[in-house]
*Asks:* 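Below are the structure tokens for one structure; questions will follow.
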Amino acid sequence: MKKPSKELEQWISAAAEVADSASPVINQPLHVLFGEAVDVARFFDRYWKPEADERGKIVRPGLESAVGKAGKGKKVPAGAVGRIHAKTGDEILSLQRATQEAHTRYLLTINPKGEDPAARGRFLLNELTAVLEWYFDDGVEDEKDAQLARVDAAHADDPQSADALASALDDYAHLAEPHRDELHGLGGFESGHIDEAHAIAAALRDKPASVAALAGPARSAIDLRNRLAGMLLDRMNAVRAAARFVFRNHPEIAREATSAYERRKRAAARRAKAKGAAAPEVPAAPLLVG
């Protein structure tokens with residue numbers, strides 16, 4: 001395996017200083033985290049400075065107002081989190097690239113061919129949920145809608161893990177099975193995805209279930225990836241917290257910094273509750289493997 005890039009190397013020492021208990025819990029898929037990181041960095045760049053009218057009057061505050069006079073011009077250590085500064089947006093983008101590289105290196109450690117069943121699994125899950133929602137949305141509330149609501153509720157708060165993805169794939173594939181013929185070709189959906197979902201679920205369950213089950217280079221690789229992911233999420237959360245404060249009188253702007261993924265999860269839970277399917281309590285779990 002080739003050496004880490006300079007960008008990854010610059011974060012390794014800072015990641016080593018992060019205490020195990022200091023990393024935030026990550027309950028969203030990595031591809032979602034990476035995508036939202038770019039969105040948050042763009043938000044930061046767009047709203048760092050205030051906006052003034054032609055007379056110089058501030059008509060919209062900027063995130064920099066949350067720094068305060070004492071924090072301006074102060075050098076921030078590479079591992080510092082919790083407060084934003086002028087370079088936070090750049091750090092988010094840099095950490096996003098570094099974490100992606102660390103994740104790829106981890107995958108190549110446990111699977112030299114570079115095959116990632118989780119990536120295929122997420123694609124299949126998206127296909128299954130999309131086609132089922134469209135097919136069942138016929139304007140009539142019946143048992144099919146109730147079944148989908150129950151499955152949505154069961155997986156609304158799934159942690160980021162191979163086992164959780166496998167369980168979701170099996171559940172949605174089982175729900176789709178009786179409607180295989182009707183679903184095939186609908187919006188480009190392939191009925192073969194149903195069988196493949198079960199196969200990918202089995203492959204995901206064959207992966208190590210925890211960091212403790214890994215050994216040597218794989219364990220070190222995933223530990224680095226998880227620490228970097230935690231550092232990335234810390235900075236994203238800092239920007240979001242600052243946005244809620246600075247734009248408390250501009251809710252439409254503050255909402256731009258929120259997680260679309262979390263909003264969709266909450267909406268799914270509300271839909272399930274409205275249809276009489278109470279969402280079960282699912283304990284949060286740290287990002288470990290897969």
*Asks:* With distance as the sole test, does R227 use its side chain to make a donor-acceptor pair with the main-chain N or O of V18 at under 3.5 Å?
*Replies:* yes
*Asks:* List the atom of E133, the atom of D152, and the distance in Å for their closest heavy-atom pair.
*Replies:*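 Shortest heavy-atom separation between E133 and D152 comes out as OE2-OD2, 4.5 Å.
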*Asks:* Restricting to non-hydrogen atoms, name the atom on I84 and the atom on L63 that form the minimum distance, rounded to 0.1 Å.
*Replies:*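 Closest approach of I84 to L63, heavy atoms only: CD1-O, 3.6 Å.
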*Asks:* Heavy-atom distance under 4.5 Å between the side chains of P61 and Y47, does that happen here?
*Replies:* no
*Asks:* Indicate the atoms forming the closest heavy-atom contact of A242 with A66, along with that distance.
*Replies:* CB-CB, 4.4 Å
*Asks:* With side chains defined as the heavy atoms from C-beta onward, is the minimum distance between S167 and D171 less than 4.5 Å?
*Replies:* yes
*Asks:* Within the distance-only criterion (no hydrogens, no angle test), does the side chain of E101 pair as donor or acceptor with the backbone N or O of S5 below 3.5 angstrom?
*Replies:*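 Flag set: sc E101 to bb S5 pair under 3.5 Å.
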*Asks:* Tell me the closest heavy-atom pair linking A15 and L228, and the distance in Å.
*Replies:* CB-CD2, 4.0 Å
*Asks:* Are H179 and K144 side-chain neighbours, meaning at least one heavy-atom pair lies under 4.5 Å?
*Replies:*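 A side-chain contact exists here, since the closest heavy-atom pair is under 4.5 Å.
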*Asks:* Below 30° counts as parallel, above 60° as perpendicular, anything between as tilted: where do the rings of H193 and F123 land?
*Replies:* perpendicular
*Asks:* Shortest non-hydrogen contact from I92 to A37?
*Replies:*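 Reported closest heavy-atom pair: CG2-O, 3.3 Å.
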*Asks:* Between D223 and R219, does at least one N-O distance fall below 4.0 Å, as a salt bridge requires?
*Replies:* no
*Asks:* Check the angle between the aromatic planes of H174 and H198 and answer parallel, tilted or perpendicular using the 30° and 60° thresholds.
*Replies:*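 H174 vs H198 ring planes: tilted.
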*Asks:* Under 4.0 Å between a side-chain nitrogen and a carboxylate oxygen: does that hold for D145 and R150?
*Replies:* no
*Asks:* Might you confirm whether atom CZ of R263 has over 12 heavy atoms from other residues, nucleotides or ligands at distances under 6.0 Å?
*Replies:* yes
*Asks:* In Å, rounded to the nearest 0.5 Å, how long is the span from CG of L232 to CH2 of W11?
*Replies:*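 Going from the CG atom of L232 to the CH2 atom of W11 covers 9.5 Å.
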*Asks:* Can you tell me how far apart OG (S191) and CG (D181) are? Round to the nearest 0.5 Å.
*Replies:* 7.5 Å
*Asks:* Can you tell me how far CD1 of I200 sits from CZ of R205, rounded to the nearest 0.5 angstrom?
*Replies:*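 So the CZ of R205 and the CD1 of I200 are separated by 12.0 Å.
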*Asks:* Please confirm whether the backbone N or O of A257 pairs with a side-chain atom of R240, one donor and one acceptor, at under 3.5 Å?
*Replies:*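 Looks like yes, one N/O pair under 3.5 Å.
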*Asks:* Tell me, yes or no, whether the heavy-atom count around R46 atom CZ, taken from other residues, nucleotides or ligands under 6.0 Å, exceeds 12.
*Replies:*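 Enclosed.
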*Asks:* Less than 4.5 Å apart, side chain to side chain, heavy atoms only: is that true for V40 and R235?
*Replies:*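 They are not in contact (no side-chain heavy atoms under 4.5 Å apart), so the answer is no.
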*Asks:* R60 side chain to K49 main-chain N or O, any donor-acceptor pair under 3.5 Å?
*Replies:*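 It does hold such a pair.
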*Asks:* With rounding to the nearest 0.5 Å, note down the distance linking CG in L175 to CG in L128.
*Replies:*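 It is 9.0 Å, given to the nearest 0.5 Å.
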*Asks:* Distance from E91 atom CD to F44 atom CZ, nearest 0.5 Å?
*Replies:*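 Output value for this atom pair is 9.0 Å.
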*Asks:* Tell me whether the rings of H155 and Y172 are parallel (<30°), tilted (30 to 60°) or perpendicular (>60°).
*Replies:* tilted
*Asks:* Do R248 and F245 meet the cation-pi criteria used here (NZ or CZ under 6.0 Å from the six-membered ring centre, within 45° of the axis)?
*Replies:* yes
*Asks:* I'd like to know whether E196 forms a salt bridge (charged side-chain N to carboxylate O under 4.0 Å, His left out) with R120, so could you lay out the CA-CA distance, the side-chain angles of the two residues, the decisive distance to 0.1 Å, and finally the verdict.
*Replies:* CA-CA 9 Å; E196 188 183 359; R120 183 62 179 174; 2.7 Å; yes
*Asks:* Kindly say whether the aromatic ring centers of H184 and F189 come within a distance under 6.0 Å.
*Replies:*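 Ring-ring flag for H184/F189: false, centres at least 6.0 Å apart.
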*Asks:* Between R255 and E252, does any side-chain N to carboxylate O distance fall below 4.0 Å?
*Replies:* no
*Asks:* Decide yes or no for L169 and L204: does some side-chain heavy atom of the first lie under 4.5 Å from some side-chain heavy atom of the second?
*Replies:*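 In short, these two side chains touch, coming nearer than 4.5 Å.
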*Asks:* Between S220 and P217, is there a donor-acceptor pair closer than 3.5 Å when you use the side chain of the first and the backbone of the second?
*Replies:*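 Flag not set: sc S220 to bb P217 has no pair under 3.5 Å.
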*Asks:* Nearest 0.5 Å, please: how far is NE2 in H31 from CZ in R122?
*Replies:*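 These two atoms lie 5.5 Å from each other.
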*Asks:* Is there a side-chain contact between Q10 and S94, using heavy atoms and a 4.5 Å cut-off?
*Replies:* yes
*Asks:* Could you tell me whether the side chain of T99 and the main chain of L95 form a donor-acceptor pair under 3.5 Å?
*Replies:*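 Flag set: sc T99 to bb L95 pair under 3.5 Å.
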*Asks:* When the ring planes of H103 and Y106 are compared, do they come out parallel, tilted or perpendicular, using 30° and 60° as the limits?
*Replies:* tilted
*Asks:* Charged N to carboxylate O under 4.0 angstrom, R180 versus D195?
*Replies:* yes
*Asks:* Output yes when E36 and R42 qualify as a salt bridge under the 4.0 Å nitrogen-oxygen rule, no when they do not.
*Replies:*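 Result for this pair is no, no salt bridge flagged.
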*Asks:* Any side-chain heavy atom of W48 within less than 4.5 Å of one from V67?
*Replies:*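 Sidechains of V67 and W48: in contact.
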